[in-house]
Amino acid sequence: MNRPRKITWHLFVSLTLTWTAAAWWGCAEPSPPDGTPWQTSSSSSSSGEGGAGGEGGGLTVGGAGGTGGDAGACATTKAESRRIPVDIVFLIDRSGSMGGAKWEGTKSALNTFFNDPASAGISAGMVYFPAQKPDVCNPASYSTLDVPISVLPANAFELTNSIPFYPLGSSTPTWPALKGTLAAATAYQDSHPGHKVIVVLATDGDPTGCQPLEIDLIAALATSARNYNGVRTYVIGVAGSTIANLDKIAEAGGTTKAYDITKDISEFAATIAEIRKETLACDFELPAPPDGMELVPDIVNFTYTPNGMGEPKIVPRADDLADCKDLPGWYYDSNLAPTKLILCPASCATVQADVNAKVEVLFGCDSVLN
């Protein structure tokens with residue numbers, strides 16, 4: 001039900017379904033579970049353009065006036081906003097066991113992803129493990145990326161050119177590699193809280209060569225990064241990996257379970273395309289209220305117009321992801337200090353499928369709750 005109106009100002013904010021430019025720099029040092037400092041790196045990136053898009057059946061709730069009234073009730077001031085820029089750090093296993101068809105499939109998938117027009121505007125960087133450096137067990141060997149994060153397609157040549165012709169590593173140092181890579185990713189996220197930074201780990205085996213080897217300790221790194229500033233870890237299991245172990249890392253990293261391509265390396269390309277689709281569509285900036293006024297989260301609404309035509313319909317607000325309950329809705333990244341609006345999975349799928357979708361944020365009307 002609606003809460004009482006708390007202020008009298010009104011702001012209408014229009015979000016266009018395009019990717020916009022952004023930059024990254026700087027370092028920060030969050031603390032991992034073992035208490036030692038993260039290693040950090042710096043690089044540069046920017047985000048360009050892209051889109052998302054069917055008709056979006058189940059999102060109709062009410063008129064755009066916040067209390068089911070006419071669409072103009074909250075439309076006295078307009079301001080532009082944007083989707084959250086996405087930055088992906090790939091952490092790729094180059095141990096000797098990845099040779100043959102597995103490595104050829106991995107190279108092909110990465111080449112396809114980096115040069116795919118659908119990836120334009122995403123920023124990407126690359127780390128290989130074991131590192132091609134003397135100390136493969138030191139997280140610092142991975143916190144400086146092999147290819148700095150930068151926007152696609154401009155960064156595609158450097159990324160594809162960096163892929164070793166053969167995987168010649170002699171161990172699988174998962175703990176130091178993940179720790180160093182997450183250090184770089186969390187530093188990036190610290191510098192740009194308006195971005196959405198993820199790590200994609202692809203491996204074909206259990207940890208070897210560098211302590212610790214325990215999966216629970218490796219998973220704890222992913223938990224620490226997610227809890228620190230929201231960096232999520234996706235995991236892809238190539239033939240030879242123990243999927244149950246990789247599921248633990250993925251769950252700890254906030255992505256539920258690992259992608260299992262152990263039976264067919266040709267699924268690698270479709271898998272990273274699916275990750276791209278999931279990360280692109282559903283996070284939006286929460287613009288600041290006008291004239292220095294304090295944000296009141298309970299008087300914010302999110303609307304969706306199927307095919308960009310007709311009257312916008314309000315999408316109900318949920319408390320969090322769990323409160324979505326497979327129904328249309330949206331929620332804040334933080335109910336205490338919100339900076340982003342995130343669509344529930346059901347609404348996300350609808351907007352993704354609608355190439356002409358129009359979404360808007362309304363400030364000044366009581367939130368419609370789910």
Side-chain (Ser241) to main-chain (Val238) donor-acceptor, under 3.5 angstrom: yes
Are any of the side-chain heavy atoms of Ile272 and Ile236 separated by less than 4.5 Å? yes
Partner set under side-chain hydrogen bond (donor to acceptor under 3.5 Å, both in side chains) for Ser266, not counting sequence neighbours: Asp264
If you draw a 6.0 Å radius around CG in Asp326, do more than 12 non-hydrogen atoms from other residues or ligands fall strictly inside? no
Is it true that a side-chain atom of Ser143 and a backbone atom of Ala184 form a donor plus acceptor pair closer than 3.5 Å? no
Would you say the side chain of Val147 lies within less than 4.5 Å of the side chain of Asn155, judging by non-hydrogen atoms? yes
Checking Thr350 side chain against Ala346 main chain: does a donor-acceptor pair fall under 3.5 Å? yes
Salt bridge (charged side-chain N to carboxylate O under 4.0 Å, His left out) with Lys257: which residues, sequence neighbours excluded? none
Pro316 side chain reached by Leu369 side chain, heavy atoms, under 4.5 Å: no
Counting N and O atoms only, with roles assigned by atom type, does the side chain of Asp298 sit under 3.5 Å from a partner on the main chain of Ser367, one being a donor and the other an acceptor? no
Between Thr112 and Ser108, is there a donor-acceptor pair closer than 3.5 Å when you use the side chain of the first and the backbone of the second? yes
Value for CG (Leu178) from CD1 (Ile249), rounded to nearest 0.5 Å, stands at 6.5 Å
Would you name the heavy atoms of Gln189 and Val197 that are closest together and state the gap between them? OE1-N, 3.1 Å
Any chance you could pull the hydrophobic cluster mates of Phe157, using side-chain heavy atoms under 4.5 angstrom and chaining through other members? none
For a side chain to side chain contact (heavy atoms under 4.5 Å, CB included) check, start with the C-alpha distance between Leu295 and Leu286, then their side-chain angles and the critical distance, and finish with the verdict. CA-CA 10 Å; Leu295 172 69; Leu286 177 61; 3.6 Å; yes
Please say whether more than 12 non-hydrogen atoms of neighbouring residues, nucleotides or ligands are located less than 6.0 Å from NZ in Lys133. yes
Please confirm whether the backbone N or O of Val368 pairs with a side-chain atom of Asn301, one donor and one acceptor, at under 3.5 Å? yes
In Å, rounded to the nearest 0.5 Å, how long is the span from OG1 of Thr305 to CD of Glu360? 5.5 Å
Would Phe284 end up clustered with Trp330 when hydrophobic side chains under 4.5 Å apart are linked, directly or stepwise? yes
Measuring from atom CZ of Arg317 to atom CG of Asn335, what distance do you get when rounded to the nearest 0.5 angstrom? 6.0 Å
For Val231 and Val199, work out which heavy atoms get closest and say how close. CG1-CG2, 4.3 Å
Would you mind listing every disulfide bond (SG atoms under 2.5 Å apart) that reaches into residues 143-204, with sequence neighbours excluded? none
So CG of Asp247 and OG1 of Thr255: to nearest 0.5 Å the spacing works out to 9.0 Å
Would Asp323 and Asn370 count as a side-chain hydrogen bond (donor to acceptor under 3.5 Å, both in side chains) here? Give the steps. CA-CA 9 Å; Asp323 191 41; Asn370 66 351; 3.3 Å; yes
Note: Asn115 and Ala156 closest approach over all heavy atoms is OD1-CB, 3.7 Å
ring-ring contact (aromatic ring centres under 6.0 Å, His included) partners for Tyr331, two or more places apart: none
For a quick test of reading the model, state the closest non-hydrogen atom pair linking Pro130 to Ser170 and the distance between them. CG-N, 4.1 Å
Go through the structure and list residues passing salt bridge (charged side-chain N to carboxylate O under 4.0 Å, His left out) with Asp206, not counting sequence neighbours. none
Under 3.5 Å donor-acceptor, Asn138 side chain and Ala140 backbone: yes
Which atoms form the tightest heavy-atom contact between Arg232 and Thr279, and what is the distance? NH2-CG2, 4.2 Å
Is there a side-chain contact between Gln132 and Pro164 (heavy atoms, below 4.5 Å)? yes
List the atom pairs, with distances to 0.1 Å, where a side-chain N or O of residues 207-223 and a protein N or O form a donor-acceptor pair under 3.5 Å, not counting sequence neighbours.
from   : atom 1 : to     : atom 2 : distance (Å)
Thr208 : OG1    : Thr172 : N      : 2.9
Thr223 : OG1    : Ala219 : O      : 3.4

N/O donor-acceptor pair under 3.5 Å between Arg226 side chain and Thr233 backbone: no
Any pair with a residue in residues 295-345 that passes disulfide bond (SG atoms under 2.5 Å apart), sequence neighbours left out, goes on the list, sorted by first then second residue, please. Cys324-Cys344
Nearest heavy-atom contact between Pro173 and Phe129 is CD-CD1, 3.8 Å
Which pairs count as ring-ring contact (aromatic ring centres under 6.0 Å, His included) when at least one residue sits in residues 234-279, sequence neighbours excluded? none
For the CD1 atom of Ile92 and the OG atom of Ser162, what is their distance to the nearest 0.5 Å? 9.5 Å
Not counting sequence neighbours, which residues clear side-chain hydrogen bond (donor to acceptor under 3.5 Å, both in side chains) with Asn111? List them please. none
Could you tell me which residues satisfy ring-ring contact (aromatic ring centres under 6.0 Å, His included) with Tyr128, sequence neighbours excluded, listed by chain and number? none
For Ile299 and Cys365, run side chain to side chain contact (heavy atoms under 4.5 Å, CB included): C-alpha distance rounded to whole Å, both residues' side-chain angles, the deciding distance at 0.1 Å, then the answer. CA-CA 5 Å; Ile299 55 172; Cys365 289; 5.9 Å; no
Any donor and acceptor pair, going by atom type alone, linking the side chain of Ser191 with main-chain N or O of Ala187 inside 3.5 Å? yes
Over 60° means perpendicular and under 30° means parallel, so classify the ring planes of Phe90 and Phe113, tilted if in between. perpendicular
Measure the spacing between CG of Leu91 and OH of Tyr142 and express it to the nearest 0.5 Å. 9.0 Å
Within a strict 4.5 Å, meaning less than it, do heavy atoms of the Arg276 and Ser119 side chains meet? yes
For residues 91-103, pull every pair meeting side-chain hydrogen bond (donor to acceptor under 3.5 Å, both in side chains), keeping only residues two or more places apart or in separate chains. Asp93-Ser95, Asp93-Thr203, Ser95-Ser97, Ser97-Asp204, Lys102-Asp204
Hey, does Asp87 have a side-chain heavy atom less than 4.5 Å from the side chain of Lys196? no
Any cation-pi pair here, Lys107 with Phe165, using under 6.0 Å and within 45°? yes
Are side-chain heavy atoms of Cys137 and Trp175 found at a separation under 4.5 Å? no
Inspect the surroundings of CD in Glu267 and state if more than 12 heavy atoms from other residues, nucleotides or ligands are less than 6.0 Å away. yes
Taking the side chain as C-beta and beyond, is there a heavy-atom pair between Leu343 and Val359 under 4.5 Å? no
Is there a donor-acceptor pair under 3.5 Å between the side chain of Ser141 and the backbone N or O of Asp135? yes
